[in-house]
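A short write-up of the structure that comes next.
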Amino acid sequence: MTRNRGSGGRRRARLGILLSGRGSNFLALHAAIERGEIDATIAVVLSNHEEAPGLAKARSLGIEARALPHQGMRRRRHDAAMVAALQEAAVDWVCLAGYMRILTPTFIGAFPNRILNIHPSLLPAFPGLDAQVQAWDYGVKVSGCTVHLVDQGMDTGPIVVQYPVSMEGLASAAELSARILEQEHRAYPAALQLLLSKDWQVKGRRVVFDD
Ligand code: GRF
């Protein structure tokens with residue numbers, strides 16, 4: 001059983017953030033780092049879209065940000081380019097923050113148990129796209145968000161934290177999305193700092209922390 005602790009305790013963990021859109025979770029991670037709540041530094045922000053607003057936000061914060069467009073590229077080649085860019089930036093951890101691409105096994109194998117994702121539902125309910133709309137349409141009374149390690153399935157990796165939200169008083173899926181997003185911005189930094197600061201192991205489907 002491999003024991004884990006962030007970057008091995010040697011130095012501040014270096015993060016690579018992958019995003020495809022607005023980048024609010026990236027900004028939440030950045031803000032938490034600035035407040036001293038996460039022992040990490042953002043080494044690089046990568047996107048498959050040149051126009052992703054999250055890239056512009058990263059640049060305005062002085063963080064290295066690169067677009068590696070995927071159009072016209074086979075998934076394996078694009079993933080190899082992403083992995084090369086992450087390795088060039090000497091990244092220890094990869095944080096998916098609204099990155100709308102499925103990772104190849106080769107990508108996942110390059111960072112074993114070091115890729116995190118945030119998903120806007122209480123997994124295993126409502127995996128995949130438009131989780132908030134799925135939850136709203138289903139009529140559940142509680143939803144929320146999940147931070148999990150990434151494995152080869154779609155939103156199936158071992159869960160690190162889940163933050164619930166109540167549906168009470170909500171009138172639409174859009175309102176639910178906003179309520180979940182507030183919790184995402186708390187959950188992602190908390191999950192990352194847990195993994196960086198504690199000893200932990202993956203046992204079956206579980207992330208087990210040694211207290
Ligand atoms: C979030 O809802 C996240 O849970 C999902 O994609 C969305 C990204 O939003 N994976 P943002 O770009 O971080 O604002």
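From a predicted model like this one, the values you see are computed outputs, not experimental measurements.
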F111, L194: one ILVMFWY side-chain cluster at the under-4.5 Å cut-off? no
Note: I180 and C145 closest approach over all heavy atoms is CG2-CB, 4.0 Å
With a 4.0 Å cut-off on N to O distance, would you call D92 and R11 a salt bridge? yes
Would a distance-only check, ignoring hydrogens and angles, find a side-chain to backbone donor-acceptor pair under 3.5 Å from D79 to T104? yes
Using a 4.5 Å cut-off on heavy atoms from C-beta on, say whether the side chain of V202 contacts that of L149. yes
Can you get from I118 to L196 by hopping between Ile, Leu, Val, Met, Phe, Trp and Tyr side chains that sit under 4.5 Å apart? yes
For the residue pair L61 and L27, establish whether any side-chain heavy-atom pair is separated by less than 4.5 Å. yes
Nearest-0.5 Å distance that lies between atom CG in D155 and atom CG in L123: 5.5 Å
F107 side, atom CZ; R76 side, atom CZ - distance, nearest 0.5 Å: 15.5 Å
Is there a chain of hydrophobic side chains (I, L, V, M, F, W, Y, each step under 4.5 Å between heavy atoms) that links V140 to L176? yes
Tell me, please, which residues at least two apart from Y188 pass ring pair (Phe, Tyr, Trp, His ring centres under 6.0 Å). none
Can you list the steps and then say if L15 with L192 is a side chain to side chain contact (heavy atoms under 4.5 Å, CB included)? CA-CA 10 Å; L15 310 181; L192 182 56; 3.7 Å; yes
Beyond-backbone contact of D210 with Q201, side-chain heavy atoms, under 4.5 angstrom: yes
Below 4.0 angstrom, N of the basic side chain to O of the carboxylate: do R66 and E88 qualify? yes
Evaluation steps, side chain to side chain contact (heavy atoms under 4.5 Å, CB included), between F26 and I63: CA-CA 11 Å; F26 148 59; I63 298 170; 3.9 Å; yes
Kindly give the heavy-atom pair with the smallest separation between A13 and W93, and that separation in Å. CB-CD1, 4.0 Å
Taking the side chain as C-beta and beyond, is there a heavy-atom pair between L181 and N25 under 4.5 Å? yes
Donor-acceptor check, side chain of E184 to backbone of P120, threshold 3.5 angstrom: yes or no? no
Once salt bridge (charged side-chain N to carboxylate O under 4.0 Å, His left out) is applied, do any residues pair with R74, and if so which ones, sequence neighbours excluded? none
Tell me every residue that passes side-chain hydrogen bond (donor to acceptor under 3.5 Å, both in side chains) with H30, counting only those two or more places apart in sequence or in another chain. none
Do D199 and F209 come close enough that some side-chain heavy atom pair is under 4.5 Å? no
Between R75 and I102, is there a donor-acceptor pair closer than 3.5 Å when you use the side chain of the first and the backbone of the second? yes
Less than 4.5 Å apart, any side-chain heavy atom of L116 and any of V94? no
For a side chain to side chain contact (heavy atoms under 4.5 Å, CB included) check, start with the C-alpha distance between I33 and T41, then their side-chain angles and the critical distance, and finish with the verdict. CA-CA 7 Å; I33 289 169; T41 183; 5.7 Å; no
Not counting sequence neighbours, list each pair that qualifies as a side chain to side chain donor-acceptor pair (under 3.5 Å) and has a residue in residues 158-180. T146-Q162
Consider only side-chain heavy atoms of I, L, V, M, F, W and Y, link residues closer than 4.5 Å, and tell whether V165 and V142 are in one cluster. no
Shortest non-hydrogen contact from A67 to R59? N-NH2, 4.3 Å
Going through the checks in order, is the side-chain hydrogen bond (donor to acceptor under 3.5 Å, both in side chains) test met by S47 and H49? CA-CA 5 Å; S47 180; H49 289 306; 5.9 Å; no
Counting neighbours of CD on E51 that are heavy atoms of other residues, nucleotides or ligands and sit closer than 6.0 Å, is the number greater than 12? no
Would a distance-only check, ignoring hydrogens and angles, find a side-chain to backbone donor-acceptor pair under 3.5 Å from R14 to V91? no
CZ/R205 to CD1/I159 distance, rounded to the nearest 0.5 angstrom? 6.0 Å
The reported gap from CG in L68 to CD in E50 (rounded to nearest 0.5 angstrom) is 9.5 Å
Output for pair (M73 CE, N48 CG), nearest 0.5 Å, gives 11.5 Å
Measure the CG-OG1 distance between D151 and T156 for me, rounded to the nearest 0.5 Å. 3.5 Å
Residues two or more places apart in sequence or in another chain: which of them pass side-chain hydrogen bond (donor to acceptor under 3.5 Å, both in side chains) with R206? none
Compare all side-chain heavy atoms of V44 with those of I17 and state whether any distance is below 4.5 angstrom. no
Close side-chain approach of S143 and M167, heavy atoms under 4.5 Å: yes
Looking only at non-hydrogen atoms, find the nearest pair between H185 and S24 and report the distance. NE2-OG, 2.8 Å
Closest approach of W200 to L195 (non-hydrogen atoms, all atoms of both residues): NE1-O, 2.8 Å
Mind checking whether V147 and Y99 sit in one hydrophobic cluster, side chains of I, L, V, M, F, W, Y counted as touching below 4.5 Å? no
If you look at every heavy atom in C95 and L29, which pair is closest and at what distance? CB-CD1, 4.2 Å
Can you list everything that forms a side-chain hydrogen bond (donor to acceptor under 3.5 Å, both in side chains) with D39? Sequence neighbours excluded, please. Q193
Could you go through L18 and L86, starting from their C-alpha distance and side-chain angles, then the distance that decides it, and tell me whether this counts as side chain to side chain contact (heavy atoms under 4.5 Å, CB included)? CA-CA 10 Å; L18 268 54; L86 291 164; 4.0 Å; yes
